[in-house]
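Report on the following structure.
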Amino acid sequence: MEKRRRSMRALVAVSLLAAMLPSSQAAYGGGGMAPDYYKTSCPGLLSFVREEVMRKKNETVVTIPAVLRLFFHDCFVNGCDASVLIASPSEDAEKNTHDNDSLAGDGYDTVNRVKARVEKECPGVVSCSDILALAARDVVNLADGPYWTVELGRRDGLVSKASDVEGKLPGPDMKVKELTAIFKNGGLSQRDMVVLSGAHTVGFAHCTRFYKRLYNFNSTHKTDPSFNEAYVEQLMEACPRNVSATIAVNMDPVSPIKFDNEYYTNLVNHLGLFTSDQVLYTDNASQKTVQEFSANQTRFFEAFTESMIKLGRVGVKTGNSGEIRRDCTAFNH
């Protein structure tokens, strides 16, 4: 009898310990996602993705911001489900909206190349949404940024409508309160917003996106007074009046192809390109976070990793939801 009691106590102790320890799914946000999701079905996946991303990045550095922005724009509209990749014959999909017009073709091309490679190695197994999430991690890391473990197991969405995009994406003229509301819709905090805005440390922007700040700010000031004066002169030279809509400048004038914390130092020095960038420093609600990351790149990298993992969980389809697309640009049905 005493032996039986000891066995029962041991069983209870083991059960309690198991309950206290997070399962692999719980530890990685639940919803059926886990870093080793394709461990048996596509064991070489991480290598396939990185090889193709590196090949594309070596062709053009535009790959870095293009893929990163593509991931952001996908997740903000109906979740991270690769719906932004759909090419509609009727041109009524997410990618056909004005807000997504500026997404560089190199981002789409990168995902399509990776998908072709993965389909050759592991046909019908890996979703386009997981490929995009992995590619976003890899472009950051290949630009000297942080590396993080990507949760996998997303499935691809079955809907992509242009009408769903309106009001879902951050805009270049937004203030902190508006930006915070956009991120809150995806379950992200104001701090996440400031962190993920740091992605503007790489990439470029068309002059038309900030033209008003240079030449027609308001009735009192022709030029936004929060701009660094020397920077204004540089921008006006690159973006003269009546500039072509195709002309673009670097988002980060100091280290435009390196993923670092220079973006935040630029804000402190009033070198933010968009209103939505510079207000992160001029608004007291977010200024301390900008100063924190400007002073400490390691802390920015840690925070960026955490926020990217959170972003990658927004609105994901798992289990029997969605599908595994054969072609990232088209639904299977």
Side-chain angles (χ1 to χ4, degrees), residues 48-77 80-87 93-118 127-148 150 156 160 165 168-172 196-210 245-253 255-260 262-263 273-274 276-277 304 307-308 311-312 325 327-329:
F48 303 150
V49 175
R50 193 169 183 87
E51 287 169 9
E52 294 303 320
V53 170
M54 185 180 297
R55 185 175 291 116
K56 177 67 179 181
K57 180 252 182 184
N58 289 341
E59 292 177 11
T60 172
V61 294
V62 174
T63 302
I64 299 166
V67 171
L68 196 50
R69 288 193 69 218
L70 196 61
F71 180 63
F72 285 3
H73 281 229
D74 181 48
C75 293
F76 274 106
V77 182
C80 308
D81 64 355
S83 53
V84 74
L85 304 177
I86 292 296
E94 288 180 24
K95 69 179 296 184
N96 301 116
T97 63
H98 174 72
D99 287 330
N100 285 328
D101 278 347
S102 61
L103 292 175
D106 290 298
Y108 295 105
D109 186 52
T110 301
V111 176
N112 292 335
R113 287 192 190 189
V114 175
K115 178 63 171 176
R117 169 75 182 279
V118 172
S127 67
C128 298
S129 47
D130 275 344
I131 286 174
L132 180 53
L134 286 168
R137 186 272 310 277
D138 285 346
V139 293
V140 169
N141 185 240
L142 289 170
D144 297 328
Y147 184 93
W148 62 92
V150 177
D156 300 322
S160 180
V165 178
K168 301 285 182 61
L169 297 170
L196 294 175
S197 294
H200 282 178
T201 191
V202 291
F204 59 90
H206 292 92
C207 297
T208 51
R209 301 280 282 176
F210 57 89
T246 62
I247 303 300
V249 300
N250 293 320
M251 292 291 296
D252 177 351
S255 55
I257 61 173
K258 182 177 181 180
F259 196 95
D260 54 23
E262 195 63 44
Y263 169 80
L273 192 59
F274 293 159
S276 58
D277 293 317
F304 191 80
S307 293
M308 283 295 284
L311 177 62
R325 280 185 220 143
D327 176 350
C328 290
T329 68

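These values consider heavy atoms only, across backbone and side chains, with no hydrogens, waters or symmetry-generated copies. Nothing here was measured: the structure is a model prediction, and the numbers come from that model.
Just one of Leu68, Val165, Leu103 meets the side-chain contact (heavy atoms from CB on, under 4.5 Å) condition when paired with His73; it is Leu103. For the side-chain contact (heavy atoms from CB on, under 4.5 Å) with Leu134, the qualifying choice from Val49, Val53, Val114 is Val49, the only one to do so.
The side-chain hydrogen bond (donor to acceptor under 3.5 Å, both in side chains) test applied to Asp277 returns His200, Tyr263, not counting sequence neighbours. Applying the side chain to side chain contact (heavy atoms under 4.5 Å, CB included) criterion to Cys328, with sequence neighbours excluded, gives Leu85, Val111, Asn112, Lys115, Cys128. A search for side chain to side chain contact (heavy atoms under 4.5 Å, CB included) contacts involving Ser276 returns Leu179, Phe274, not counting sequence neighbours. Every residue two or more places apart in sequence or in another chain that forms a side chain to side chain contact (heavy atoms under 4.5 Å, CB included) with Ala248 is listed here: Phe204, His206. For the side-chain hydrogen bond (donor to acceptor under 3.5 Å, both in side chains) test, residues two or more places apart in sequence or in another chain that qualify with Thr201 are Asp252, Asp260. Take Thr60 and apply the side-chain hydrogen bond (donor to acceptor under 3.5 Å, both in side chains) test, not counting sequence neighbours, and it matches no residue. Remark: Ser129 engages Ser127, Asp156 in a side-chain hydrogen bond (donor to acceptor under 3.5 Å, both in side chains) (not counting sequence neighbours). For Ile257, the side chain to side chain contact (heavy atoms under 4.5 Å, CB included) partners are Val61, not counting sequence neighbours.
Taking each heavy atom of Ala245 and Thr208 in turn, the nearest pair found is CA-CG2, 3.9 Å. Across all their heavy atoms, Thr110 and Thr63 have their closest contact at OG1-CG2, 3.4 Å. Residue Trp148 comes nearest to Ala136 through the heavy atom pair CH2-O, 4.3 Å, listed as atom of the first residue, atom of the second, then distance.
Thr97 and Asp99 share no donor-acceptor pair across their side chains, judged by distance under 3.5 Å alone.
Side-chain N or O atoms of Thr329 include none that pairs as donor or acceptor with a backbone N or O of Ala87 at under 3.5 Å.
Under the 4.5 Å side-chain criterion, counting only non-hydrogen atoms from C-beta, Met308 is in contact with Leu196. For the pair Val140 and Pro146, the minimum side-chain heavy-atom distance is below 4.5 Å. Here the side chains of Ser83 and Asp74 are in contact, with some heavy-atom distance below 4.5 Å. Side-chain contact between Glu51 and Arg117: present, with at least one pair of heavy atoms (C-beta onward) separated by less than 4.5 Å. With contacts defined as side-chain heavy-atom distances shorter than 4.5 Å, the pair Leu142/Ile64 does not qualify.
Between atom CG of residue Asn100 and atom CD of residue Glu94 there is a gap of 7.0 Å, rounded to the nearest 0.5 Å. The distance from the SG atom of Cys75 to the CG atom of Leu311 is 4.5 Å, given to the nearest 0.5 Å. Rounding to the nearest 0.5 Å places CG of Asn96 at 8.0 Å from OG of Ser160. To the nearest 0.5 Å, the span separating CZ on Phe259 from CZ on Phe304 amounts to 3.5 Å.
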Chi angles and distances behind the side chain to side chain contact (heavy atoms under 4.5 Å, CB included) call for Leu70, Val84: CA-CA 8 Å; Leu70 196 61; Val84 74; 3.9 Å; yes
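Among residue pairs with one or both ends in residues 53-64, those qualifying as salt bridge (charged side-chain N to carboxylate O under 4.0 Å, His left out) are Glu52-Arg55, Lys56-Asp106, Lys56-Asp109, Glu59-Arg113; sequence neighbours excluded. Residue pairs that meet the salt bridge (charged side-chain N to carboxylate O under 4.0 Å, His left out) test with at least one member in residues 129-146, sequence neighbours left out, are Arg50-Asp138, Asp130-Arg154.
Residue Lys258 qualifies as open at atom NZ: its count of foreign heavy atoms under 6.0 Å is 12 or below.
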